[in-house]
Amino acid sequence: MANEKKLVQDITPMGEDFAQWYTDIIKKAQLVEYSGVKGCMVIQPYGYAIWENIQKEMDRRFKETGVENVYMPMFIPESLLQREKDHVAGFAPEVAWVTHGGNEKLPERLCVRPTSETLFCEHYANIVQSYRDLPKLYNQWCSVVRWEKTTRPFLRHMEFLWQEGHTAHATQEEAQKRTIQMLNLYADFCETELAIPVVKGQKTDKEKFAGAEKTYTIESLMHDGKALQSGTSHNFGDGFAKAFDIKYLDENNELTYVHQTSWGMSTRIIGAIIMVHGDDAGLKLPPRIAPIQAVIIPVAQHKEGVLERANELKEQLSKKFRVKIDDSDKSPGWKFSEYEMRGVPIRIEIGPKDIEKNQAVIVSRVDREKSFVSLDNIEEEVAKSLEKIQAQMLEAAQKNRDEKTSVAHNYDEFKQLVAEKGGFVKAMWCGDEACELKIKEETTATSRCIPFEQETLSDTCVCCGKPASKMVYWGKAY
RNA sequence: CGGGAUGUAGCGCAGCUUGGUAGCGUACUUCGUUCGGGACGAAGGGGCCGCAGGUUCAAAUCCUGUCAUCCCGACCA
């Protein structure tokens, strides 16, 4: 359709004010509502349904690799949190403390979990005795609390939902293998299910997780050129095992420390879905996780037989797809715009003219392209259309990311790219944290990751000019 | 936590300069006509103006404080 005019009022155009566009969409599409609790948001049914679909598929993938779900307490005694030095230093500034039970002051205060490494470690120390007990591949779906200074829907809540996987292995090799396996799982999940292309790589020491030996990340790029860390996977080596005394007897009857990993993805990823795919008409949800994959809009529904046929169609399609029918007495035009704004991948129009011809009209959210399909093979047509949309969305996101990825050969070029173009800037780095700090200080860009796919852009660090062997993705981030 | 902005009906806003007890658009309810890209008419319902103090005969309006939200930094998934 050539009709490009803005149908939905009150959504600030992206180009005008991206941040406002983001909040407008979240409010208009009813994903999140602010609550009376500072920094905590109400995730509304439509937003939560996206999370449920993400959970369902991710959980399936975890279990396929042998992971089991567990549930840990939400409180951590202060003494337990203190056990690993780097870990507590990293999280202490942002934990919430419980000091009273009823009217009585607690002998030891409890923190509300900001993450559960310490609890898993304590548990593993209890249950791991022999190499036969390993590996332990646990995951939990829960919420965690971090006392953030500022919050934004999905991107930063004081309490947020996530999954945290925690594994214990006999050897460092095995732990490393699992760390990378989960990173790859996240990356594949993002690309296949969410149509979000990611860059896989390792975090620099400055950016790595508190207590980790190595932190890996998948980084995605939003429509405004800012990066978003979309999932992480850490290898702890035996650092936590030593702090928590997690030992097992190996085949040679020798006491050995376990090697651990942890990995997580949060509701923040929903923010990525919005910012990677959305446009000025509203949300655009990847078919695979869209709560409603197809909405049926009866046209001239007061005419005889229309609603009946539309409902039949709904029944038929519901066996294979997530389908909604809107038979409210709003005008068809209103419904068209509404479901576009809410990101529903396809709309099916069915009216008297269609019924006469035994057809329906399928309209894609991606390009508003209309196709007339016979009711006899509509299931196949819907399936085909959803698949096509999923592919188109990934392609568009890839194109956007590629266009916003550039190479800086020297510092002037680097500064200019970060300031004027944004996006990912690829540049060589000497490995010295001082350069990272200087770059952040002067450009506000941070090192996003040292990608697995390395290129040699030059022999010298873009910042200090000393010899460099690592190519790094830099960018402003959420 | 620093700098800036904004809080008036579900949402978007006007009114504030010059105090006199609240209005517009949209959404909502009912009825009728409509229905293939946000339909039209008529009649209704809804707000002690973020909150708490103060000044005043009188405060949405002036003053102080506080809270929340947004933007830019710092911190972080």
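Predicted, not measured: the structure shown is a model, and the values here were computed from it. Below, all heavy atoms of this structure are taken into account, side chains as well, without hydrogens, waters or symmetry copies. Each chain gets a letter, A, B and so on, in the order its sequence line appears, and its residues count up from 1.
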**Message:** With rounding to the closest Å, how many angstrom separate the P atoms on B/C35 and B/G41?
**Reply:** 16 Å
**Fill in**
Quick tally for nucleotides 70-75 of chain B: nucleotides whose base has a protein heavy atom under 4.0 Å get B, sugar-phosphate-only ones S, the rest -, giving SS--BB
**Request:** May I have all residue pairs that pass salt bridge (charged side-chain N to carboxylate O under 4.0 Å, His left out) and include part of residues 288-300 of chain A, sequence neighbours excluded?
**Result:** A/Glu193-A/Arg288
**Item:** C1'-based separation of B/U33 from B/G20 [nearest Å]
**Value:** 45 Å
**Request:** Verify the ring-centre separation between A/Phe209 and A/Phe91: is it less than 6.0 angstrom?
**Result:** yes
**Message:** With the threshold set at under 4.0 Å for non-hydrogen atoms, list the residues of residues 344-354 of chain A touching RNA chain B in residue-number order.
**Reply:** A/Arg347, A/Glu349, A/Gly351, A/Pro352, A/Lys353, A/Asp354
**Asked** Out of B/A77, B/G36, B/A39, which nucleotide sits closest to the side chain of A/Ser331?
**Response** B/A39
**Message:** Which nucleotide, if any, forms a Watson-Crick or G-U wobble pair with B/A39, using both distances under 3.5 Å?
**Reply:** B/U33
**Request:** Assess whether atom CH2 of A/Trp97 is packed by more than 12 heavy atoms of other residues, nucleotides or ligands within 6.0 Å.
**Result:** yes
**Request:** Taking A/Arg146 for its side chain and A/Pro114 for its backbone only, find out whether a donor-acceptor pair lies under 3.5 Å.
**Result:** yes
**Item:** Whole-Å C1' distance, B/A9 and B/A60
**Value:** 14 Å
**Message:** If the test is side chain to side chain contact (heavy atoms under 4.5 Å, CB included), which one of A/Lys335, A/Arg347, A/Lys284 qualifies with A/Glu340?
**Reply:** A/Arg347
**Request:** Give A/His234 one of three labels, base, sugar-phosphate or nothing, depending on what nucleic acid heavy atoms sit under 4.0 Å from its own.
**Result:** nothing
**Request:** For B/C13 and B/U6, measure between their C1' atoms and round to the nearest Å.
**Result:** 13 Å
**Asked** Paired with B/A22 by Watson-Crick or G-U wobble geometry, both distances under 3.5 Å: which nucleotide is it?
**Response** none
**Request:** Nearest whole angstrom, please: distance from the P of B/G36 to the NZ of A/Lys303.
**Result:** 10 Å
**Asked** According to a strict under-4.0 Å criterion, is A/Ser266 in side-chain N/O contact with OP1 or OP2 of B/A77?
**Response** no
**Message:** If I take atom CE in residue A/Met158 and atom P in nucleotide B/C67, what distance separates them, rounded to the nearest angstrom?
**Reply:** 13 Å
**Asked** What interatomic distance, in whole Å, is found between P of B/G32 and the corresponding atom of B/U17?
**Response** 48 Å
**Message:** According to side-chain hydrogen bond (donor to acceptor under 3.5 Å, both in side chains), who are the partners of A/Lys404, at least two apart in sequence or on a separate chain?
**Reply:** A/Asn400
**Message:** Give me each pair satisfying salt bridge (charged side-chain N to carboxylate O under 4.0 Å, His left out) with a member in residues 81-99 of chain A, each pair once, sequence neighbours excluded.
**Reply:** none
**salt bridge (charged side-chain N to carboxylate O under 4.0 Å, His left out) partners of A/Lys303, counting only residues at least two apart** = none
**Message:** Over all strands shown, is A/Gly271 touching base, sugar-phosphate only, or nothing at heavy-atom distances under 4.0 angstrom?
**Reply:** nothing
**Complete:** Sorted by chain and number, sequence neighbours left out, side-chain hydrogen bond (donor to acceptor under 3.5 Å, both in side chains) with A/Glu122 holds for none
**Request:** Round to the nearest Å and state the distance from A/Phe209 atom CZ to B/A77 atom C1'.
**Result:** 10 Å
**Message:** I'd like to check the side-chain hydrogen bond (donor to acceptor under 3.5 Å, both in side chains) partners of A/Lys203; sequence neighbours left out, ordered by chain and number.
**Reply:** A/Glu219, A/Gln229
What protein N or O atoms touch nucleotides 28-30 of chain B N or O atoms at under 3.5 angstrom, if any, and at what distances?
unit_1: B/C28; atom_1: OP1; unit_2: A/Lys330; atom_2: NZ; d: 2.5

**Asked** Can you tell me the Watson-Crick or wobble partner of B/A59, both distances under 3.5 angstrom?
**Response** none
**Nearest-Å distance for atom pair CG/P, residues A/Asp24 and B/G10** = 18 Å
**Request:** Pick the P atom in B/G47 and in B/G3, then give their distance to the nearest Å.
**Result:** 38 Å
**Message:** Does the structure show A/Trp162 stacking with B/A77, if we require the centres to be closer than 5.5 Å and the planes to be within less than 30 degrees of parallel?
**Reply:** no
**Asked** Considering only the C1' atoms, how many Å lie between B/A68 and B/A52, rounded to the nearest integer?
**Response** 15 Å
**Request:** Tell me, please, which residues at least two apart from A/Asp354 pass salt bridge (charged side-chain N to carboxylate O under 4.0 Å, His left out).
**Result:** none
**Request:** Starting at atom NZ of A/Lys27, determine the distance to atom P of B/G12, rounded to an integer number of angstrom.
**Result:** 6 Å
**Prompt:** Rounded to the Å, how far apart are A/Tyr22 OH and B/U69 P?
**Reply:** 15 Å
**Asked** Does any nucleotide pair with B/A9 by Watson-Crick or G-U wobble geometry, both distances under 3.5 Å, and what is it?
**Response** none
**Message:** For A/Tyr473 and A/Phe424, take the angle between the two ring planes, folded into 0 to 90°, and tell me which bin it lands in: parallel under 30, tilted 30 to 60, perpendicular over 60.
**Reply:** perpendicular
**Request:** Rounded off to whole Å, could you give me the CD1-to-C1' distance for the A/Ile25 and B/C11 pair?
**Result:** 15 Å
**Qualifying residues under salt bridge (charged side-chain N to carboxylate O under 4.0 Å, His left out), relative to A/Glu442, sequence neighbours excluded** = none
**A/Ala300 or A/Cys40, whichever maps to the more 5' nucleotide of RNA chain B** = A/Ala300
**Asked** Given the P atoms of B/A5 and B/U29, what is the spacing between them in whole Å?
**Response** 40 Å
**Message:** Which nucleotide, if any, forms a Watson-Crick or G-U wobble pair with B/U64, using both distances under 3.5 Å?
**Reply:** B/A52
**Item:** Length of the CE-C1' vector between A/Met341 and B/A27, whole Å
**Value:** 13 Å
**Message:** Taking pairing as Watson-Crick or G-U wobble with both contacts under 3.5 Å, can you name the mate of B/G73, or confirm there isn't one?
**Reply:** B/C1
**Asked** Across the strands shown, which category fits A/Val361 at heavy-atom distances under 4.0 angstrom: base, sugar-phosphate, nothing?
**Response** base
**Prompt:** With sequence neighbours left out, what residues match A/Asp326 under side-chain hydrogen bond (donor to acceptor under 3.5 Å, both in side chains)?
**Reply:** A/Ser328, A/Tyr339
**Complete:** Taking a pair to mean Watson-Crick or G-U wobble geometry with both distances below 3.5 Å, B/G47 pairs with none
**Item:** Most 5' of A/Arg146 and A/Gly39 on RNA chain B, judged by nearest nucleotide
**Value:** A/Gly39
